[in-house]
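Just below is one structure, and these are the notes that go with it.
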2 protein chains.
Amino acid sequence: MPAPTPAPSATSAGPVRRRAGRPTAAILDQDGITTAALELISSKGYDGLTMAALARSLGVAPSALYNHVASKDDVLLLVEDHLAAMVDVTAFGVEPWDAAVRRWAWSYRDVFSEHTPLIPVIAVLPVANAPKTLAMYEAVTAGFRDAGFPEEKIISAIVALEAFVFGAAYDVTAPDDIFDAGSLADRVPNFTAAVDRLALERHARPTDVAFSLGLEALITGFGALRG
Amino acid sequence: MPAPTPAPSATSAGPVRRRAGRPTAAILDQDGITTAALELISSKGYDGLTMAALARSLGVAPSALYNHVASKDDVLLLVEDHLAAMVDVTAFGVEPWDAAVRRWAWSYRDVFSEHTPLIPVIAVLPVANAPKTLAMYEAVTAGFRDAGFPEEKIISAIVALEAFVFGAAYDVTAPDDIFDAGSLADRVPNFTAAVDRLALERHARPTDVAFSLGLEALITGFGALRG
DNA sequence: CCAGTAAATGAATGGCGTTCATTTATATCC
DNA sequence: GGATATAAATGAACGCCATTCATTTACTGG
């Protein structure tokens with residue numbers, strides 16, 4: 001009898017109720033799969049994360065994974081939810097609103113800049129199946145509300161900040177010379193001059209300068225919305 | 001004798017010089033490949049854009065494509081560069097700076113929200129091989145410079161705006177109920193209340209409200225940097 | 001007319017995610 | 001305590017993918 005396909009979920013809502021006999025000690029579970037996937041990603045990168053490699057690192061046949069996970073995208077969702085729990089939301093309710101947003105956004109960007117292949121998945125998948133991600137949103141929402149944000153604007157502000165964070169996460173992964181115009185440089189003099197001028201500044205990583213610039217503008221702009 | 005692999009490029013720098021005899025009328029070229037790819041994307045989506053399908057739509061064997069393109073990523077770069085030319089930069093130098101940025105950013109987001117699978121490619125690939133993309137950057141850079149922007153901040157500001165645009169492009173594609181917490185709703189009361197409150201507003205698409213909110217904050221914040 | 005060469009072919013390769021009939025091992029019910 | 005129900009594991013497929021390469025085709029400059 002074929003095993004039923006599990007519903008897509010980053011964390012199952014506790015153990016499934018048991019009707020009749022079943023093995024006590026299953027080799028696989030979602031936590032183990034998540035851990036193995038994270039180890040594989042950190043050692044071989046996302047190109048190395050294949051269902052076959054994941055199964056091999058767990059000492060199991062690839063098809064066995066499908067008893068615990070509906071698809072490879074479901075594995076990515078498990079990983080995403082694990083990472084969401086690593087985003088720093090502890091400043092909300094402790095530090096002032098602007099400092100809390102700053103800490104959250106920097107940490108959010110740093111976590112996902114190492115995991116940009118997840119972004120297309122996150123952006124499209126409902127949060128209902130990602131409890132830790134949901135917990136992050138809850139903390140941030142409460143922080144905005146307690147800071148006097150009008151309730152109807154909170155989600156929009158978070159969505160805008162998140163969009164900026166995801167885009168900035170990609171930017172971190174870009175090669176240093178991405179803006180080198182090469183042989184076309186003389187066709188784009190203003191752009192080339194601006195790129196060269198920025199290169200003279202030796203303060204911080206360009207990607208961090210850009211992130212700071214945008215984030216501070218967003219914090220200032222959104223801060224004015226508070227009642 | 002095997003044909004040489006073409007260098008990755010969104011548009012070759014004119015026809016390759018001819019040493020000896022060669023056919024005058026090649027069936028394929030980069031323009032034709034780009035056009036066929038765009039048609040395929042618009043009819044079948046990015047899942048339907050395979051090298052085999054692309055070749056079939058051009059009446060050619062898949063391997064023939066590799067005489068004109070180095071890889072599938074190279075095809076995506078061709079498509080990206082075509083789309084970059086559709087982004088509206090005409091307001092720079094004509095309308096005031098803030099209005100020009102507004103037009104550019106909205107148009108940039110709208111174009112790429114239909115082509116989010118390109119974003120991971122764009123974010124990593126050097127602009128040297130994408131002349132139309134480079135032309136867009138040139139127009140925007142000149143607009144910032146003429147508006148009195150300090151030269152060392154121009155690229156950072158553009159990068160920040162672009163990050164926001166790319167993230168927002170993903171947001172456009174998200175399902176309407178992406179923030180439905182489902183059975184976990186009572187665990188995240190603040191978040192659920194804010195989501196419900198936003199749903200009461202019936203003015204515009206939520207994704208457009210969030211984009212406008214973020215973009216106006218960025219424009220205001222960056223506008224203050226002008227000399 | 002011959003030599004040179006870009007462009008097209010078609011077969012082959014290796015990898016991928018996923019499916020499914022089957023087997024294994026156990027916990028509960030009678 | 002034996003029969004039963006069932007979740008979990010297996011291993012062999014499947015279809016699709018991007019890409020490679022030896023070979024053929026068709027043209028043109030010398």
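Note on naming: letters A, B, ... go to the chains in the order of the sequence lines (proteins, then strands), and numbering restarts at 1 for each one.
- For the pair L54(A) CG and dC16(C) C1', the computed distance is 14 Å after rounding to whole Å.
- Of the possible donor and acceptor atoms, none in the side chain of S212(B) sits under 3.5 Å from a partner among the backbone N and O of V209(B).
- Under a cut-off of 6.0 angstrom, the local environment of NZ in K72(A) is crowded, with over 12 non-hydrogen atoms contributed by other residues, nucleotides or ligands.
- Between the CG atom of L65(A) and the C1' atom of dT10(D) there is a distance of 12 Å, given to the nearest Å.
- Across the protein-nucleic acid pair, N67(A) atom CG and dA7(D) atom P stand 10 Å apart, rounded to whole Å.
- The only option from V159(B), I155(B), I154(B) that meets the side chain to side chain contact (heavy atoms under 4.5 Å, CB included) definition with L198(A) turns out to be I155(B).
- Of the candidate nucleotides dA7(C), dC16(C), dA18(D), dC16(C) has the atom lying nearest to any side-chain atom of T50(A).
- Of the listed nucleotides (dT10(D), dT19(D), dT9(C)), dT10(D) has the atom at the smallest distance from the side chain of V60(A).
- Rounded to an integer number of Å, the gap from M51(B) CE to dG15(C) P is 20 Å.
- Under 3.5 Å, the side chains of E162(B) and Y137(B) contain a donor-acceptor pair of N or O atoms.
- The side chain of S63(B) approaches dT9(C) more closely than any other nucleotide in the set dC20(C), dC16(C), dT9(C).
- Rounded to a whole Å, the NZ atom of K72(A) is 8 Å from the P atom of dC16(C).
- The OH atom of Y46(A) sits 18 Å away from the C1' atom of dG17(C) (whole-angstrom rounding).
- Between the CG atom of L28(A) and the P atom of dA25(C) there is a distance of 16 Å, rounded to whole Å.
- Following rounding to the nearest Å, R56(B) (CZ) and dC16(D) (P) show an atom-to-atom distance of 11 Å.
- Nearest nucleotide to the side chain of A64(A), out of dT18(C), dT19(D), dT10(D): dT10(D).
- One finds no side-chain N or O of H68(B) lying less than 4.0 angstrom from the OP1 or OP2 phosphate oxygen of dA6(C).
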